[in-house]
Structure formats: structure tokens, C-alpha cells
Amino acid sequence: QLQLVESGGGLVQPGGSLRLSCAASGFSSDVLTIAWFRQAPGKAREGVSCISPTGSRTKYAESAKGRFIISRDKAKNAVYLQMNSLKPEDTGIYYCTRAEGALTLQPMCVATPLGSWGQGTQVTVSS
């Protein structure tokens, strides 16, 4: 079964850091563009960052630039999102998904989920 599973969320104080993991199973994730999306309470899901199959190209939402770093580890078949200087507005459920458009001029990749969206991982930034 082709699957992407998110982990690493939690409760953190403003200014803190978290590293989210996206583990692939059933296939090699390094053939795909992978993106992180998030959904805050009462808001639409939005793209946060994405990375091309080779890792050579990355994109970030304006709100994430300078604070978040996306990376991938071929040996571990995983993609990571290092989130630093977290703010309360970063609170939400974070999802990783297959995506398209890492090499285009568009500001963010487009999600093309493998079937349905996963359960995501909850990130709460609060004092």
C-alpha cells in the first residue's frame, strides 16, 4: 500500500522548534515531489513547503521563509520539515502529500494526494 505518514508534531512555546517527519511506505519517495500543507482551525488547507524529487528545488510559503527548512533523506525514505521560531499562527494540522510543480514559476506546489489525505500531525504553538 502506497502511503505517506506524518509524525513529529506537538505542543511548543512560541519561539520553539519542531521537526516533522513524513515517512513513505510501499514506494520510494525520492521519485516524487513532496509537499507539506497545513490546516489551521476554521481555515482552508494551505501549502507550506515542497521539495523536488532530487531535493534540488524547494519552495516555501511567505510565512515560512527564513524559519522552516524542508529536506529529504533517500536512505530513510523520508521528508522532513524543520520548523524554527514558531509562532502561534503556525498552529494547525500538518500533512505531507505527493505534489506537483516544484520546477515551475508558481510560488507553491499543487497537492496531488495518493488517494485521500493522511491523518496529519498536530502542531500547537502556545505559551
Side-chain angles (χ1 to χ4, degrees):
Q1 183 178 3
L2 308 181
Q3 200 173 15
L4 293 170
V5 179
E6 308 91 345
S7 64
L11 172 63
V12 63
Q13 292 186 342
S17 299
L18 283 174
R19 189 175 85 148
L20 306 184
S21 298
C22 173
S25 62
F27 69 102
S28 294
S29 64
D30 63 345
V31 300
L32 300 178
T33 291
I34 300 293
W36 284 96
F37 279 67
R38 70 183 177 195
Q39 188 164 22
K43 295 187 177 181
R45 192 149 33 200
E46 62 176 357
V48 176
S49 184
C50 60
I51 187 167
S52 63
T54 63
S56 62
R57 295 291 298 273
T58 58
K59 295 184 179 181
Y60 296 92
E62 285 297 322
S63 60
K65 287 180 181 178
R67 300 188 299 126
F68 294 4
I69 301 172
I70 191 169
S71 62
R72 63 194 313 158
D73 187 327
K74 180 177 180 178
K76 295 183 178 180
N77 205 16
V79 172
Y80 305 99
L81 186 68
Q82 176 68 41
M83 304 189 297
N84 302 317
S85 302
L86 283 161
K87 305 175 181 179
E89 50 264 43
D90 294 318
T91 294
I93 301 175
Y94 283 69
Y95 304 88
C96 66
T97 178
R98 181 181 64 177
E100 296 178 348
L103 304 182
T104 70
L105 296 179
Q106 297 301 312
M108 182 50 61
C109 297
V110 175
T112 55
L114 296 167
S116 60
W117 290 84
Q119 291 189 335
T121 186
Q122 175 71 46
V123 171
T124 303
V125 185
S126 175
S127 55

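The structure presented is a predicted model; accordingly, all values stated were derived computationally and were not measured.
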Quick one: does NZ or CZ of Arg45 land under 6.0 Å from the six-membered ring centre of Phe37, within 45 degrees of the ring axis?
no

Looking at residues at least two apart in the chain, or sitting in another chain, which of them share a salt bridge (charged side-chain N to carboxylate O under 4.0 Å, His left out) with Glu89?
none

Taking only distance into account, with no hydrogens and no angle test, what donor-acceptor pairs under 3.5 Å do side-chain atoms of residues 97-107 form with protein atoms, sequence neighbours excluded?
residue: Arg98; atom: NE; partner: Thr112; partner atom: O; Å: 2.7
residue: Arg98; atom: NE; partner: Thr112; partner atom: OG1; Å: 3.3
residue: Arg98; atom: NH2; partner: Thr112; partner atom: O; Å: 3.3
residue: Thr104; atom: OG1; partner: Lys59; partner atom: NZ; Å: 3.1
residue: Thr104; atom: OG1; partner: Gly101; partner atom: O; Å: 3.0
residue: Thr104; atom: OG1; partner: Gln106; partner atom: N; Å: 3.3

Ignoring hydrogens and geometry, is there a side-chain-to-backbone donor-acceptor pair from Asn77 to Ser29 under 3.5 Å?
yes

Hydrophobic side-chain clustering at under 4.5 Å (ILVMFWY, transitive links): who's grouped with Val31? Put none if nobody.
Leu2, Leu4, Val12, Leu18, Leu20, Phe27, Leu32, Ile34, Trp36, Val48, Ile51, Tyr60, Phe68, Ile69, Ile70, Val79, Leu81, Met83, Leu86, Tyr94, Leu114, Val123, Val125

Apart from Met108 itself, its cluster of hydrophobic side chains linked below 4.5 Å comprises none

Measure the spacing between OG1 of Thr124 and CD1 of Ile93 and express it to the nearest 0.5 Å.
9.0 Å

Separation of Arg72 CZ from Thr58 OG1 (nearest 0.5 Å):
11.5 Å

Is there a side-chain contact between Gln122 and Thr91, using heavy atoms and a 4.5 Å cut-off?
yes

Gly118 versus Tyr95, closest heavy-atom pair with distance:
O-CE2, 3.3 Å

So, taking the atom named CG in Asp30 and the one named NZ in Lys76, what distance separates them when rounded to the nearest 0.5 Å?
15.0 Å

Can you measure from CG (Asp90) to OG (Ser126) and round to the nearest 0.5 angstrom?
12.5 Å

Using the test side chain to side chain contact (heavy atoms under 4.5 Å, CB included), find all partners of Ser63 that sit at least two apart in sequence or belong to another chain.
Arg38, Ala61

Pairs meeting criterion disulfide bond (SG atoms under 2.5 Å apart) with involvement of residues 62-127, two or more places apart:
Cys22-Cys96, Cys50-Cys109

